[in-house]
Amino acid sequence: MMKHDYECLCQTMMGMTYEEVETAVLRDAVVLFPIGVVEAHGPHLPLGTDLFTSLNQALEIKRYFDREGRACIVAPPFYFGGTKAMTRQFAGTFTSSKETIVSAVKDILASLDRFGFSKTVFLNAHGDDLQRTAMLQALIESNQVLKMKSYWPEYADDIEYLGFTGEEDYLLKITPMQLDEAFEIEKWPEDEFDIHAAAFETALMTDICPDMIRTKKIEELSPTFLTGDEQWKWNEGNAVDIALIPRAYVGDPQGCKFIHAHMDRVYEAYAKSLMELL
């Protein structure tokens, strides 16, 4: 029988026994909850890019917590989230309704509460409005009825931009990291609206999952240069506007050759800030 590599999942609760989970509860382990979607990321990145990113972040944070002697556990990843933007028009993009996401996530949190955990931290790598509003609704409603409390981390300098007051009791304000600490940028992407499967996300994936990149495909991809109403149309995701992003990326994928990501620095700084806040 052919053997397969399930190492990343085996490092989550999925690779544990129930007795090991009970031990984690007794140690008051923080639960890290990686969430993403299965979504088109151009012809060069895998559909699971957002989930691989959040899971990798969770595992790296857990390693930091382990080194510092702080109990931590990674919940099974949640990847059937929501996509409102244009990528939902492409083959391979699964999207759930807001109601489905809220119901499913509340059930997951109720299970973690039933096990006896006291703190869960969401790690979301998918910035779509549908995803964020659904996840936040599930978190807030769960916090109102469960003994366990769930938390939503954001970089402190993004709080106002993202519509938070900063006073939310579920919000964890992560210490910001300078862009030049996270990325070595030899040349800025030609298209500065580089927000999906483009230079920075491709550089990130090259750092954490290099074997998943279809590097030959990148050579075919020109910048999209969306401006004004076109950016709004990308977010609205109507099929009639699909010509704006005919290959399911937004930005300048070729720009990744001038960018080198240092996600180890990013994750360690994030983990340190998270541990201090918790």
Side-chain angles (χ1 to χ4, degrees), residues 33-58 75-109 122-141 150 152-154 158 161-164 191 193-205 208-209 212-214 217 221 223-226 229-253:
F33 183 29
I35 55 179
V37 290
V38 181
E39 175 192 25
H41 276 75
H44 60 299
L45 296 180
L47 298 170
T49 289
D50 291 345
L51 193 279
F52 298 140
T53 300
S54 64
L55 178 55
N56 189 75
Q57 180 185 22
F78 181 86
Y79 46 85
F80 282 127
T83 298
K84 179 183 178 184
M86 190 70 69
T87 47
R88 69 191 173 101
Q89 304 296 344
F90 290 84
T93 299
F94 291 80
T95 186
S96 301
S97 68
K98 183 178 181 180
E99 294 75 17
T100 296
I101 298 167
V102 171
S103 179
V105 172
K106 286 174 68 175
D107 284 347
I108 291 168
L109 296 178
F122 283 56
L123 296 173
N124 176 43
H126 180 57
D128 193 281
D129 285 345
L130 171 58
Q131 174 91 337
R132 292 181 69 256
T133 56
M135 292 294 171
L136 285 169
Q137 180 178 332
L139 182 156
I140 292 168
E141 291 181 2
S150 295
W152 185 271
E154 293 285 3
D158 288 335
Y161 167 76
L162 292 171
F164 296 102
D191 183 354
F193 191 58
D194 190 273
I195 62 168
H196 182 75
F200 283 98
E201 193 165 22
T202 303
L204 184 160
M205 282 292 286
I208 66 172
C209 302
M212 294 187 182
I213 313 299
R214 280 66 166 176
K217 289 287 185 180
L221 308 179
T224 51
F225 293 120
L226 301 188
D229 286 347
E230 293 175 336
Q231 295 178 4
W232 178 84
K233 289 177 180 178
W234 137 256
N235 282 313
E236 287 301 301
N238 296 316
V240 68
D241 298 315
I242 199 169
L244 293 172
I245 58 160
R247 302 195 73 182
Y249 66 88
V250 182
D252 178 22

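What's counted below: heavy atoms across the whole structure, side chains too, no hydrogens, waters or symmetry copies. In this text, all values refer to a predicted model and were calculated from it rather than measured experimentally. Counting begins at 1 with the first residue of the sequence.
Summarising the geometry, atom CZ belonging to Phe33 is positioned 6.0 Å from atom CE belonging to Met135; distances are rounded to the nearest 0.5 Å.
For Ala134 against Lys98, the heavy-atom pair with the smallest separation is CB-CG, 3.9 Å. Of all heavy-atom pairs between Phe52 and Ile208, the closest is O-CD1, 4.2 Å. What you find for Ile242 and Met86 is that their closest heavy atoms are CA-SD, 3.7 Å. Across all non-hydrogen atoms, the minimal contact from Thr224 to Tyr249 is CG2-O, 3.4 Å.
Between Ile245 and Leu226 the shortest side-chain heavy-atom distance falls below 4.5 Å. Contact check for Pro34 versus Leu55: side-chain heavy atoms found under the 4.5 Å cut-off.
Remark: Phe78 CZ is packed, more than 12 non-hydrogen atoms of other residues, nucleotides or ligands lying under 6.0 Å away.
Partners of Arg247 under the salt bridge (charged side-chain N to carboxylate O under 4.0 Å, His left out) rule, at least two apart in sequence or in another chain, are Glu220. Applying the ring pair (Phe, Tyr, Trp, His ring centres under 6.0 Å) test to Phe80 and every residue at least two apart in sequence or in another chain returns Phe94. In this view, Lys233 and Asp241, Leu244 satisfy the side-chain contact (heavy atoms from CB on, under 4.5 Å) rule, not counting sequence neighbours. Taking the side-chain contact (heavy atoms from CB on, under 4.5 Å) definition, one finds that Lys84 meets it with Asp128, Leu130, Glu236, sequence neighbours left out. Residues passing the ring pair (Phe, Tyr, Trp, His ring centres under 6.0 Å) test with Phe200, sequence neighbours excluded: Phe183, Trp188. In this view, His41 and His196 satisfy the ring pair (Phe, Tyr, Trp, His ring centres under 6.0 Å) rule, not counting sequence neighbours.
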What do the steps show when you test Thr95 against Val37 for side-chain contact (heavy atoms from CB on, under 4.5 Å), and what is the final call?
CA-CA 8 Å; Thr95 186; Val37 290; over 6 Å; no

